[in-house]
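Not measured: the values here are computed from a predicted model.
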Amino acid sequence: MRIVLFCENKYAVDILYPIYQEAVKSAENSLLWYVHLPKIPSFPLQEEVSYTHSMQEVYDFSPEAIFVPGNIVPYYLPGVKIQVFHGYAAEKKDHWVIRRYFDTYFTQGPYFTKKFKELSAKYGDFEVIETGWPKQDWIKKHWHDFDLEREELLKKHGKKQIVLYAPTFSPSLTSLPALKEALLHLVKIEDIVLLLKFHPLTRKEWVDEYKQLADQEEHIVWVDGFNVTKYQLMSDVMISDTSSTVYEFLLLGRPVITYRTIAKDIYWTDITDTSLLPEAFQNAQHNEEDIVRRRWIVDNYDPYLDGMVCRRMLDAVADYIHRHGIPKQRKLNLWRKYTSIKAFGRVKKR
C-alpha cells in the first residue's frame, strides 16, 4: 500500500510516527511523509524517512491512503483520506466540525465513536472506525524507557516528584499569563522539579518569558523537542489549562490540575484562582473522586493500551479499499475546494 503521512503542523510528527513504525514492517508498504513549510522548517525525521515538502510530489506518488492528524487535506489527492485526530480535547468546538475532507474517521474510544457515528449518519459520506490513538502504541512500547532519566533528574535536584507544566498555545485559553508566579511559589514550597514543555505554536514572548524563569530558578527546567509524551511519562502530576495533553496525562492514570478550563465535563482538579494551586496540588493526588474519574476517562476516551492501534488502523484502511476501492479525489463544494487550494496550492494532474 502507498501511504502518505500528512504533517501540516509539528505535533503531527509524534502522532504519525507509530503508524510509520508499524507500516514499515511490511515490504508491501511504500511510505512518504508530507512536511508542510513554513510550519515545520526543521523535520526531526529527515535522516530516517522519505519525505517531501512538495504537494506535487505527493500527488505523483499516487497514495492509496493518507493519514491526517489535522483538520484539512487537499481534496484533489487520490487515496483514502483518514482523520486520526490531534488529541482528545472534545470541549474544543472544532473537534466536532465536519469539513467533508475525510473518507473515514479512526476514533480513539467509545465516547468519540458514538458522537462521530451520529455525525456520519447525518452527513452520509464518511465512515467511523474505533481503533484507539496511534500515540498509545508509542506509550506502550516506551513506558519505562525514561525511568532512569527521571531518577537522575530527581537526584540532581534533590527532590521527590516531577511536575509537568504543559499549557495550550491558544491566546484565549492559555494559562501562561496567569500562572507564572503561582508556579514559582509552588516550586519553592513543594518537594518538586517543575518541567516546562510548551506547544510548538506558543507565542515567542511567552516562550522567552518562561525560559528566563527557568534560567533564574534552580528547580525549574525548560525542555525542548517535539515529544511531550516523554515528559508525561517522567512526571507525577501535570498542570495545564484547556489542552488535549490533559487527557493524554489522565490516560496514564495520573493527576491533572487545570486553570480555568473551558471543558464542560471535568474529570480532574480545576482552579479559577491562582492562589489555590498549592492546595489543588495536594488534593489532586489523593482525592478518591478524582481517581474514579480518571478511570472513566481511560475506559471511554481511549482504552487501547495494547500496542495494536496502528495495526488496527492499517487493517481498517485495507478493508476500506477492499470494500470501496481507492478514491480518485474527494467531492467537495467550491468553498472547501478553495480553502484546500489556498492552504496547499494546486497540482498538475496527469
Given the side-chain rings of Phe6 and Phe344, with only the six-membered ring counted for Trp, is the space between their centroids under 6.0 Å? yes

More than 12 heavy atoms of other residues, nucleotides or ligands under 6.0 Å from CZ of Arg346: is that the case? no

Should the pair [X]-[Y] be classified as a salt bridge under the 4.0 Å nitrogen-to-oxygen rule?
X: Arg312; Y: Asp137; value: no
X: Lys156; Y: Glu152; value: no
X: Arg311; Y: Asp315; value: yes
X: Asp125; Y: Arg330; value: yes

Positive for side chain to side chain donor-acceptor pair (under 3.5 Å) with Tyr304, one of Glu130, Lys140, Gln108, Gln136: Glu130

Which residue is it: Gln282, Gln161, His185? I am looking for the one with a side chain to side chain donor-acceptor pair (under 3.5 Å) to Glu190. Gln282

Between Tyr301 and Phe112, what is the ring plane arrangement, given parallel below 30°, perpendicular above 60°, and tilted in between? perpendicular

Specify whether Tyr210 and Phe198 have parallel, tilted or perpendicular ring planes, treating 30° as the upper limit for parallel and 60° as the lower limit for perpendicular. perpendicular

Distance alone, cut at 3.5 Å: any donor-acceptor contact between the side chains of Tyr105 and Ser120? no

With ring pair (Phe, Tyr, Trp, His ring centres under 6.0 Å) as the test, pick out the partner of Phe85 among Trp133, Phe116, Phe106. Phe116

Would you call Ile297 and Tyr88 a side-chain contact if the rule is heavy atoms closer than 4.5 Å? no

